[in-house]
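Presented below is the structure to which this report refers.
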Amino acid sequence: MASEGKGLYPIGDVEKKTGLSARQIRYYESMGLISPARTSGGQRRYTDGDILRLIRIKQMKDSGFDLKSIKEKIQIFERNLQELSVDDISSERAVLSSLFPVSNRAVLMKLLEKK
DNA sequence: TTTCTTACA
DNA sequence: TGTAAGGA
């Protein structure tokens, strides 16, 4: 990739890593699903977390969910994630890096639970 | 060359 | 969602 190892990637790298078009990535940002950083020149810079988030969005999109549903799910997921105690999960990274793992099905259900 | 915004034969 | 235009 153009910026391997830095931890921040331009949109071209994100297209390759997520399989989403730059058009879609920018559109999702306008819809409030992601908030990438900007360089002084105005170019977007995505973190690994942003990319993981986009991959989850793509999976839900491919599963037939509309953007509205996806946005709600992610907001619920992340709001609940902040409220989870260390008793439920080993670490936040473990959850973020695992795209709906079967081994953590119970925790996943808890994260997606509507409050 | 890559990315950005705006706009739609 | 894709793509063209025009600038950075």
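Chain letters run A, B, ... following the sequence lines, proteins first, then strands; residues in each count from 1. Just so it is clear, the model here is predicted, and its values are computed rather than measured.
Residues A/Asp48 and A/Tyr9 have side chains that bring a donor and an acceptor to within less than 3.5 angstrom of each other.
Between A/Arg26 and C/dT3 there is no side-chain N or O to OP1 or OP2 distance below 4.0 Å. Side-chain nitrogen and oxygen atoms of A/Arg44 include at least one within less than 4.0 Å of the OP1 or OP2 phosphate oxygen of B/dC4.
Between A/Glu15 and A/Arg23, the residue anchored nearer the 5' end of DNA chain B, judged by the nucleotide with its closest heavy atom, is A/Glu15. Nearer the 5' end of DNA chain C, as judged by each residue's closest nucleotide, is the contact made by A/Lys61, out of A/Gln43 and A/Lys61. Across the interface with DNA chain C, nearest-nucleotide mapping of A/Gly41 and A/Ala22 shows A/Ala22 to be the residue nearer the 5′ end.
Rounding to whole angstrom units, OH of residue A/Tyr27 and P of B/dA7 are separated by 17 Å. If you take NZ of A/Lys16 and P of B/dT1, they are 13 Å apart, rounded to a whole angstrom. Nucleotide B/dT2 holds its P atom 15 Å from the CD1 atom of A/Ile25, rounded to whole Å. Atom pair A/Tyr46:OH and B/dC4:P shows a separation of 6 Å (rounding to whole Å applied).
For the pair A/Lys73 and A/Phe65, the NZ or CZ position fails the cation-pi test of under 6.0 Å to the six-membered ring centre and within 45 degrees of the ring normal. Cation-pi contact between A/Arg56 and A/Phe77: present, with separation from the ring centre below 6.0 Å and deviation from the ring axis of at most 45°.
Under 4.0 Å is where a charged nitrogen must lie from a carboxylate oxygen, and between A/Arg44 and A/Glu15 no such pair does.
Pair check for B/dT2 finds C/dA8; Watson-Crick or G-U wobble, both atom distances under 3.5 Å. Base pairing analysis places B/dA9 opposite nothing; no Watson-Crick or G-U wobble pair with both distances below 3.5 Å involves it.
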